[in-house]
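Presented below is the structure to which this report refers.
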Number of protein chains: 2
Amino acid sequence: MAKIDLARRAKIGRDRRARTRAQILEAGAALLAAGAALTVDAVAEAAAVAKGTFYYHFENVEELVAAVSVQLGRNFDELLTPARAELRDPIARLSFAFTQCLEKAISDNEWARLVVQTSQRPTEFARSVRDSLKVDLAEAIAQGRVTVRDPELAVDIFVGIWLQVTRGIIERAAPPELSWHALEAALRALGSAPHENRKL
Amino acid sequence: MAKIDLARRAKIGRDRRARTRAQILEAGAALLAAGAALTVDAVAEAAAVAKGTFYYHFENVEELVAAVSVQLGRNFDELLTPARAELRDPIARLSFAFTQCLEKAISDNEWARLVVQTSQRPTEFARSVRDSLKVDLAEAIAQGRVTVRDPELAVDIFVGIWLQVTRGIIERAAPPELSWHALEAALRALGSAPHENRKL
DNA sequence: TTTCACCTTGACTATATAGTCGAAATGACC
DNA sequence: GGTCATTTCGACTATATAGTCAAGGTGAAA
């Protein structure tokens with residue numbers, strides 16, 4: 001029984017289901033990025049799908065937001081895992097992540113908006129970004145590479161500059177070398193010795 | 001005609017009107033700080049006032065938010081004008097404002113929440129805080145006192161650290177000397193010479 | 001072609017929220 | 001006590017939104 005059900009489900013469902021779910025996810029991300037009111041009706045309309053279809057894929061809007069957040073998290077990982085594996089130096093990893101994210105924000109305004117909106121909600125994404133940074137910052141602190149001693153404060157400083165500069169990118173044009181200047185400032189804030197910054 | 005109307009209005013209205021409006025304003029601020037859904041019904045109930053009364057004082061919720069934002073702005077000015085008048089040094093003014101705000105956030109959690117919530121909406125408050133900081137930072141830049149050259153970036157760095165540390169204060173307990181450490185970090189980020197920091 | 005599990009639809013109910021308005025309350029002044 | 005500008009009240013209408021469900025569509029496999 002179960003075998004047949006699953007086999008059929010796999011064959012028939014995989015495509016349609018995945019496609020529709022992706023549509024809804026994308027529409028949700030777009031509305032979230034735009035800061036629009038996130039209602040089921042709005043999402044369904046933006047996804048060109050009936051209301052009932054939305055509820056077939058998601059329990060409610062909250063679950064959709066969670067799914068968008070998870071997807072954005074994976075997106076981040078893709079952007080950053082290469083460096084995470086290669087770079088041994090925590091400060092180099094932090095620097096890479098920082099500039100990568102700002103550069104992507106500069107080249108993709110909607111992505112930047114999504115990041116900002118998602119960060120200022122209590123999402124899985126916000127938590128995991130914070131956790132990742134804390135690991136690297138704690139390592140840097142343990143190595144005596146930075147002046148700031150409190151990992152939580154270090155994260156707040158790093159995230160604070162990053163998020164606010166991202167907001168700036170959304171609202172104003174990004175001047176040349178913005179990412180680099182912002183990184184320098186963030187490293188100075190942490191109290192990382194100047195010569196460390198040249199790694200990139 | 002007008003004379004009588006205005007005289008009566010002044011006598012009769014001033015108290016009741018002001019008191020009720022203040023009640024609504026306070027209720028609105030509390031809900032905004034709590035991050036609750038800001039509906040007219042919720043505000044009216046929290047203010048112990050009928051719905052019609054809300055609409056007698058405010059056009060809609062948006063106008064209430066604007067009024068809360070303006071009030072918070074005045075609150076900020078009261079907190080900071082003493083220093084603004086006395087301190088000639090822009091970096092000393094920035095340092096004073098920075099630590100004052102963090103200390104107040106530490107001692108008044110609801111105030112901190114209100115500041116964060118209000119800052120992440122496009123309010124008059126958010127704009128005016130940014131403008132004030134930009135004036136001082138531009139002066140510091142003009143004096144060659146800081147490394148960062150772009151005033152907008154300088155504001156983003158300063159505001160970013162301040163807001164995120166405030167969020168940290170809300171979510172975690174503030175360790176001793178937090179304000180001071182955060183200020184040191186912010187000044188380092190701007191590239192202010194170390195000895196400048198001792199001003200406070 | 002038929003079957004059948006899965007997917008999609010949109011109308012429907014229930015609730016929440018915005019905004020209106022006539023009536024009543026208030027209190028200073030006569 | 002009576003008058004009257006001002007303020008307050010809450011029921012009412014209209015609209016928006018959440019969530020449900022019976023009916024029908026889809027396409028792979030028999």
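In the text below, chain A, chain B and the rest are named by the order of the sequence lines, each starting its count at 1. Since the structure is predicted, the reported quantities are computational estimates derived from the model, not experimental observations.
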Sequence neighbours excluded - salt bridge (Lys or Arg N to Asp or Glu O under 4.0 Å) pairs with any residue from residues 131-143 of chain A
A:R84-A:D136, A:R93-A:D136, A:R93-A:E139, A:R127-A:D131, A:K134-A:E152
Here the salt bridge (Lys or Arg N to Asp or Glu O under 4.0 Å) pairs for residues 63-76 of chain B, sequence neighbours left out, are none
Side chain to side chain donor-acceptor pair (under 3.5 Å) involving [X] - partner list, sequence neighbours excluded:
X      : value
B:T147 : none
B:E45  : none
B:Q120 : B:R167
A:S69  : none

Qualifying residues under side-chain contact (heavy atoms from CB on, under 4.5 Å), relative to A:E110, sequence neighbours excluded:
A:A30, A:A33, A:D108
Set of side-chain contact (heavy atoms from CB on, under 4.5 Å) partners for B:P175, sequence neighbours left out
A:D150, B:L178
Please enumerate all residues that pass salt bridge (charged side-chain N to carboxylate O under 4.0 Å, His left out) together with B:D41, with sequence neighbours excluded.
B:K51
Check the distance between D:dT17's C1' and A:Y55's OH and give it to me in whole angstrom.
8 Å
Atom-to-atom span, CZ of B:F58 to P of C:dT20 - whole angstrom
16 Å
So which of residues 28-46 of chain A are in contact with DNA chain D, with a heavy-atom cut-off of under 4.0 Å?
A:T39, A:V40, A:D41
Difference in axis direction between the ends of the helix from C:dT1-D:dA30 to C:dC30-D:dG1, five pairs, 10°:
10°
Kindly give the atom pairs (protein nitrogen or oxygen, nucleotide nitrogen or oxygen) under 3.5 Å for nucleotides 8-10 of chain D.
unit_1	atom_1	unit_2	atom_2	d
D:dT8	OP1	B:T20	OG1	2.1
D:dT8	OP2	B:H57	NE2	2.7
D:dC9	OP2	B:A50	N	3.2
D:dC9	OP2	B:T53	OG1	2.9
D:dG10	O6	B:G52	N	3.4

